[in-house]
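See below for the structure under consideration.
The structure displayed is predicted, hence computed values, not measured ones. Here is how names work: the chains are called A, B, and so on, in the same order as the sequence lines, proteins then strands, and each is numbered from 1.
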Protein chains: 2
Amino acid sequence: MNIGEASSATGVSAKMIRYYESIGLIRAPLRTESNYRVYSSDEVHTLRFVKRARTLGFSVEETATLLGLWQDKERASAEVKSIATGHIGALETKIVELQSMVKTLKHLANCCGGDERPNCPILDDLAGETIKTKGH
Amino acid sequence: MNIGEASSATGVSAKMIRYYESIGLIRAPLRTESNYRVYSSDEVHTLRFVKRARTLGFSVEETATLLGLWQDKERASAEVKSIATGHIGALETKIVELQSMVKTLKHLANCCGGDERPNCPILDDLAGETIKTKGH
DNA sequence: TATAGAGGTTCCCATCATGGGAAGGTCAAG
DNA sequence: CTTGACCTTCCCATGATGGGAACCTCTATA
């Protein structure tokens with residue numbers, strides 16, 4: 001299986017496969033006589049593992065750790081679980097931040113006429129002027 | 001007001017103030033004879049505008065547009081509102097994605113013993129094996 | 001069999017927003 | 001006058017990805 005086939009089999013672009021190899025996330029595969037990379041089904045499996053971890057939002061570094069644990073038959077599942085829960089915490093923090101941004105923006109957009117007149121509470125807020133909330 | 005004072009007055013690092021100037025987001029301020037940047041209160045106000053927009057998750061490019069609209073007394077608030085609502089949409093999409101990641105991870109972490117034994121559903125899932133959900 | 005085009009290889013550059021740090025100039029307090 | 005804090009410019013790094021050039025290789029078809 002050459003790099004193009006491995007790419008479509010895993011959803012990881014050829015560019016990224018080479019990149020992952022260059023940073024040592026995955027091992028360098030064998031080559032044909034004409035220097036083409038050849039991927040075994042094991043290596044494709046590894047690529048799928050990487051793809052899934054990245055999709056779940058793990059950084060490449062975290063992915064490398066998980067990959068190491070995956071390949072270590074003696075590892076304790078506690079270690080994996082702690083990486084996962086740490087990651088859940090980071091994601092949840094991010095979600096809260098985004099939600100707070102959305103909340104503020106919705107409030108502003110709500111107060112903004114969105115018409116032809118120049119008066120605009122959104123810009124006023126960005127400029128630091130306190131917004132007059134209409135009594136609820 | 002020199003760059004350090006402008007920085008602590010706005011929460012934008014001196015590094016970033018220079019960067020914003022270099023990419024044309026803000027105008028180059030006057031200089032002292034000894035080549036120090038000097039910021040007027042107007043310029044500090046602009047920096048605060050930028051800071052607030054960035055905090056709300058607008059990209060530098062979007063911020064530039066908003067800044068232009070802010071300085072254009074003739075603009076229609078509709079234009080600003082459309083940028084804001086577009087941005088809200090993007091943030092909400094991101095939130096949904098993150099929530100879906102969290103949901104999956106929580107499910108996995110929940111099924112993972114987190115003990116000394118090597119059996120680990122999180123790694124199994126990453127490796128592409130279907131997880132056996134305990135009947136509820 | 002010659003050729004076209006699809007796909008491989010390496011290498012360099014760009015992105016986005018930010019920080020680090022070097023080398024050197026300036027200012028204020030002791 | 002020295003010290004230390006601050007300013008200046010310039011270059012480099014980050015993380016994950018894509019773009020593209022220059023060149024090589026394979027395969028199908030005219």
Roughly, in whole Å, what's the span from [atom1] in [X] to [atom2] in [N]?
| X | N | atom1 | atom2 | value |
| --- | --- | --- | --- | --- |
| A/Met1 | C/dG7 | CE | C1' | 16 Å |
| B/Lys15 | D/dC11 | NZ | P | 12 Å |
| B/Arg31 | D/dC7 | CZ | C1' | 10 Å |
| A/Ile23 | D/dA13 | CD1 | C1' | 15 Å |
| B/Ile3 | C/dG19 | CD1 | C1' | 14 Å |
| B/Arg18 | C/dG21 | CZ | C1' | 13 Å |
| A/Met16 | C/dT15 | CE | C1' | 14 Å |
| B/Tyr39 | D/dC6 | OH | P | 16 Å |

Tell me whether the OP1 or OP2 atom of [N] has a side-chain N or O from [X] closer than 4.0 Å.
| X | N | value |
| --- | --- | --- |
| A/Ser13 | D/dG18 | yes |
| A/Arg37 | C/dG8 | no |
| A/Asn2 | C/dG8 | yes |
| A/Tyr20 | D/dT17 | yes |
| B/Arg54 | C/dT18 | yes |
| A/Ser34 | C/dG8 | no |

Notebook entry, point to check: Any side-chain heavy atom of A/Trp70 sitting closer than 4.5 Å to one from A/Leu67?
Noted result: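 Side-chain contact under 4.5 Å: yes.
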Check: Do B/Ile26 and B/Ile17 have side-chain heavy atoms sitting under 4.5 Å apart?
Finding: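 Yes; the side chains approach each other to less than 4.5 Å.
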Checklist line | Candidates B/Arg37, B/Lys15, B/Arg27 - the one meeting salt bridge (Lys or Arg N to Asp or Glu O under 4.0 Å) with B/Glu21 | finding: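 Per the salt bridge (Lys or Arg N to Asp or Glu O under 4.0 Å) rule, the option paired with B/Glu21 is B/Arg37, out of B/Arg37, B/Lys15, B/Arg27.
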Margin query: Using only modelled atom types and a 3.5 angstrom limit, is any donor from either the side chain of A/Tyr19 or the base of D/dG15 paired with an acceptor on the other?
Written below: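 Looking at the base of D/dG15, it does not pair with any donor or acceptor on the side chain of A/Tyr19 (distance under 3.5 Å).
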Notebook entry, point to check: Relative to the 5' end of DNA chain C, which residue comes earlier, B/Glu61 or B/Glu33, by the nucleotide with the nearest heavy atom?
Noted result: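 Its nearest nucleotide being more 5', the pick is B/Glu61.
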Check: Between B/Phe58 and A/Glu5, who's closer to the 5' end of DNA chain C by nearest nucleotide?
Finding: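 Upstream on the strand: A/Glu5.
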Notebook entry, point to check: NA contact type, B/Thr32, heavy-atom cut-off 4.0 Å: base, sugar-phosphate, or nothing?
Noted result: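 Answer is nothing: B/Thr32 stays at 4.0 Å or more from every strand.
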Check: What is the minimum heavy-atom distance between B/Leu56 and B/His87, and which atoms define it?
Finding: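 For B/Leu56 and B/His87, the tightest heavy-atom pair comes out as O-NE2, 3.1 Å.
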Next item on the list: Would you check if there is a donor-acceptor pair between the side chains of B/Glu43 and B/Ser40 at a distance under 3.5 Å?
Entry: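 B/Glu43 and B/Ser40 do have a side-chain donor-acceptor pair below 3.5 Å.
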